[in-house]
Every structure is written in C-alpha cells, then in structure tokens.
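Everything on this sheet refers to the single structure shown next.
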Amino acid sequence: MTALITQPPMFTARGEDMDTLTLVQLMSSLSRNRYLIRLIDEVGSGPVVLGAVEIKGGMVLRAYVDTITGREAVYALLSLRPTRLEAFHLPDAAAGEPLGTVEALLLEGAVVQDELASIREAAPATGAAAPALAVTPDVPAGQCPFGFGETQMVVVDPARQGAPAVMAKSAAGRAYVVAAPEPEPEVRSGWAAAWQALRAWWARVWRP
Amino acid sequence: MLMLNDVERGLIQDNWRIVRHAALMETATGLFYKELFDQHPEYRDQFPADMAGQIKKLAVTLDFAVAAMNWKRSEWRDGDVDLQQDLFAVLMAMGRRHALEYGVQADQYGPVGAALLHALDLGLGAEFTPAHRAAWTKLYGLIAQTMQLGAVSAPGTEPLASASREEVQG
Ligand code: HEM
C-alpha cells in the first residue's frame with residue numbers, strides 16, 4: 001500500500017536547532033510510535049525535500065534520498081545539512097522488514113562520515129606539495145560537483161594514490177557534502193555505495 | 001551514541017523499582033528540589049511557594065518516563081500509542097511549556113540534571129553504581145534535549161506543496 005502524506009507535520013525544527021542524527025536518536029529512544037522525518041532545504045526557488053527517514057521503536061523502516069533508498073540512503077542522509085526538519089507521526093501499520101536498528105545504521109553512517117572527513121582534512125595538507133587542485137568549498141553555479149567532466153570540483157589526493165576527492169555545496173550556498181574517492185576494493189561496500197548514491201542523487205537534483 | 005541500550009534501560013528500571021517499592025518517589029523528588037535550591041537559590045522564585053504539588057508532578061513524570069521506556073528492542077513492532085501517551089511527544093509539549101510559561105532557559109537544564117543525579121545518589125546509596133549513574137545521565141540527556149527541542153520547534157503547519165511527491169509505503 002502506498003499513501004501520500006496529507007497531514008501537517010507534528011512539528012518543524014530549524015536545521016540550526018536540530019540535526020537529523022540527534023532527532024532520530026531522541027525519537028527512537030523515547031517512543032515506539034512510527035515517525036517520518038523529512039529533510040528540507042530552502043533554496044532560492046523554494047523549499048526542496050532532500051530526503052526522508054522513517055523509524056519505529058529503534059528500527060529504521062525506510063529511507064530515501066531522491067530515488068535512492070535503503071541503507072545507503074541512511075548514510076547519505078547523514079551527510080545532508082537541511083535548513084529544516086519536518087516530523088510526522090504516522091498511523092501504525094504492519095511494518096515489513098526494517099533496514100536495521102538505528103544504532104547499527106548510525107554507527108555505519110558514522111564510519112562513512114569519518115572516512116569522508118579524513119579525506120577532507122587530508123586533501124588541503126597534501127594538496128600543497130602535490131600536483132593537485134586546492135580543495136575549495138566553492139562550486140561555480142550550474143556545475144555538478146560530483147561530475148568528472150570539465151566542470152568538476154575534483155582534487156587529487158596523493159595520500160590515496162591519486163584517487164579523486166570531491167567537495168559539494170548546496171544550491172543554497174552551504175557546503176554540505178564531501179564525497180569520496182572512487183571506490184577502492186578495500187573500501188567498505190556501504191561507504192562506496194553511499195558515495196555513489198550521493199553522486200547519482202546530485203546529478204538528478206541539480207538544476208543549473 | 002545518545003541512545004540507551006537494553007542493558008542501560010534495565011539498570012534504570014532496577015533503580016526505579018527500588019524507588020517505587022520503598023515509596024521513595026516523593027522523597028527523591030523532594031531531595032532533588034532541596035539540592036537544586038541549595039545550589040541555585042536564584043531558581044526558587046520561578047517555582048510556586050508551596051512545592052508539594054510540584055514534587056508530586058515531577059515524581060509522576062519520572063514514573064511515566066521510566067515506564068514508557070520499559071521495552072526491549074526486540075519488541076519494536078508493538079507499543080504504538082496516541083500522542084498524549086507518547087513520551088517523546090509529551091516531553092516536547094512539556095519543554096514548550098517550560099520555555100513559554102515558566103521562563104526556563106536552556107542553561108538551567110544542566111543544574112537540574114545534576115540535582116536529579118544527586119537525589120538518586122542520596123536515595124539509592126549503594127544501588128546507585130557508576131553504571132546506574134551513567135544510564136541515568138543518558139536518560140536525563142535525552143529528556144532534556146527533547147524538552148529543549150520542544151522549546152525551539154514550531155508546531156506543525158500545512159505540509160510543503162512538494163509533499164505531494166512524498167510517498168510512504170504502508
Ligand atoms: C528533565 C527535566 C524536567 C522535568 C521532567 C520537569 C518536569 C516538570 C513538571 C511535570 C512540571 C509540572 C507542570 C507541567 O507539566 O508543565 C514542571 C513545572 C515546572 N518546572 Fe520543570 N521539569 C524539568 C526541568 C526543569 C528545569 C530545567 C527547570 C528550570 C529551573 C524547571 C522549572 C519548572 C518550573 C518553574 C515549573 C512551573 C512550576 C509552577 O509554576 O507550577 N523544570 N516541571
């Protein structure tokens with residue numbers, strides 16, 4: 001069964017007051033009700049839904065970022081810095097198999113975030129001494145920062161044998177995603193998949 | 001991780017069972033307010049002159065919170081309740097009242113948490129081990145953060161127009 005959300009949110013919170021990671025944990029700790037959290041970015045042309053996560057009783061039931069779903073969407077959601085969160089209390093329904101426990105998915109997501117952050121930190125330091133572009137948070141308008149064409153925002157990371165690192169910025173002007181090098185065989189599959197998911201998502205939602 | 005695991009929930013339940021059986025609930029909350037006003041006399045004027053009702057209300061709230069959290073992760077499919085009985089929703093509303101009606105500031109949550117731990121320590125003695133303290137500290141953190149979220153968040157309005165593309169598998 002598929003249902004459209006027609007009810008008003010239970011509440012909305014500004015991104016500066018609450019982040020997705022914390023809200024998921026608060027709700028999952030204190031409630032066994034079914035909640036949907038939606039991540040909104042207020043860009044020039046109006047609010048955009050970045051993605052959503054549905055939880056119940058400490059389990060993640062579903063998540064999506066654009067058309068990307070599943071565990072990778074959970075990791076990707078943690079990279080996003082929405083300007084607003086909307087929370088909906090949903091009527092309970094016979095839940096299918098969950099994606100996993102909130103704890104497990106958040107811990108995996110944290111590993112992904114750590115790896116991305118270490119790349120971000122390593123890049124400027126190594127960039128100076130290496131034949132690499134400097135990492136800059138500025139993405140020229142109209143360019144997909146996950147692209148590898150002429151408009152790319154790619155830096156070479158010699159610490160990782162020249163694998164590319166990519167930095168992105170939201171259309172609202174805030175840097176919110178630092179993407180990773182091309183997946184290497186030893187890299188965890190979830191981590192690589194999250195990056196691919198973000199890249200695919202960006203390509204879809206980017207409106208020059 | 002902010003979340004309590006099943007072991008930590010169990011530790012809180014153990015302590016609270018003792019508090020309930022020994023009819024210590026109001027004694028503990030009385031100790032709590034004594035400690036709070038000893039440490040922060042400037043908070044006293046925010047509260048009513050007669051604290052008896054207040055002590056009872058806090059005890060009832062803590063009792064409700066501990067009971068609402070008494071479930072194991074494996075029982076996640078059950079336990080759906082309406083929002084008046086949902087601890088998360090109740091705390092959001094309570095946080096909003098605290099900010100708007102009682103003038104409570106975010107920086108007052110720290111001293112209140114410290115006074116609560118102190119009262120549990122005095123009331124429970126040896127039963128309040130470092131592991132129990134850690135679990136209660138986490139629980140208080142969850143409660144305080146949810147109340148503070150209630151204070152700053154806006155009640156729901158109409159959903160975004162773009163919500164029409166939102167689909168929920170039920
Ligand atoms: C975990 C945190 C807290 C809990 C569970 C809690 C619980 C309660 C409850 C159950 C009430 C009764 C009225 C109502 O439900 O709105 C109340 C009232 C009140 N609380 Fe709290 N509270 C907490 C934190 C604080 C903090 C940090 C302060 C600041 C000093 C505070 C100050 C007050 C005041 C001034 C009242 C109103 C008393 C009156 O005029 O009747 N509370 N609290």
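Convention: sequence-line order gives letters A, B, ...; per-chain numbering from 1. Scope of the values below: all heavy atoms of this structure, side chains included, with no hydrogens, waters or symmetry mates.
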Quick one: do T20(A) and L80(A) satisfy side chain to side chain contact (heavy atoms under 4.5 Å, CB included)? Show the steps, please. CA-CA 9 Å; T20(A) 316; L80(A) 303 178; over 6 Å; no

Measure M1(B) against the heavy atoms of chain A and call it side chain, backbone, both or neither at under 4.5 Å. both

Looking only at heavy atoms and a cut-off of under 4.5 Å, which of T146(B), D78(B), I143(B), V152(B) has the most pairs with chain A? D78(B)

Using non-hydrogen atoms and a 4.5 Å limit, figure out which bit of M18(A) sits close to chain B: side chain, backbone, both or neither. side chain

Under 4.5 Å from any heavy atom of chain A, what part of Q148(B) do you find: side chain, backbone, both or neither? neither

Set of residues satisfying ring-ring contact (aromatic ring centres under 6.0 Å, His included) with respect to Y140(B), sequence neighbours excluded: none

Could you check whether any side-chain heavy atom of R84(A) comes within less than 4.5 Å of a side-chain heavy atom of E16(A), counting everything from C-beta outward? no

What residues of residues 81-88 of chain B sit under 4.5 Å from chain A when only non-hydrogen atoms are counted? V81(B), L83(B), D86(B), L87(B), F88(B)

Between T83(A) and E42(A), a side-chain donor and acceptor under 3.5 Å: yes

Between D63(B) and R20(B) (salt bridge meaning N to carboxylate O under 4.0 Å), is one present in this structure? yes

Heavy-atom proximity to chain A below 4.5 Å, by part of A65(B): neither

Set of ring-ring contact (aromatic ring centres under 6.0 Å, His included) partners for H98(B), sequence neighbours left out: Y102(B)

With a 4.5 angstrom heavy-atom cut-off, could you sort out which part of L4(B) is near chain A: side chain, backbone, both or neither? backbone

Are the charged groups of E101(B) and R96(B) less than 4.0 angstrom apart, N to O? no

Looking at D121(B) and R133(B), does any basic side-chain N land under 4.0 Å from a carboxylate oxygen? yes

Neighbourhood of chain A inside residues 25-39 of chain B, taking heavy atoms under 4.5 Å as contact: none

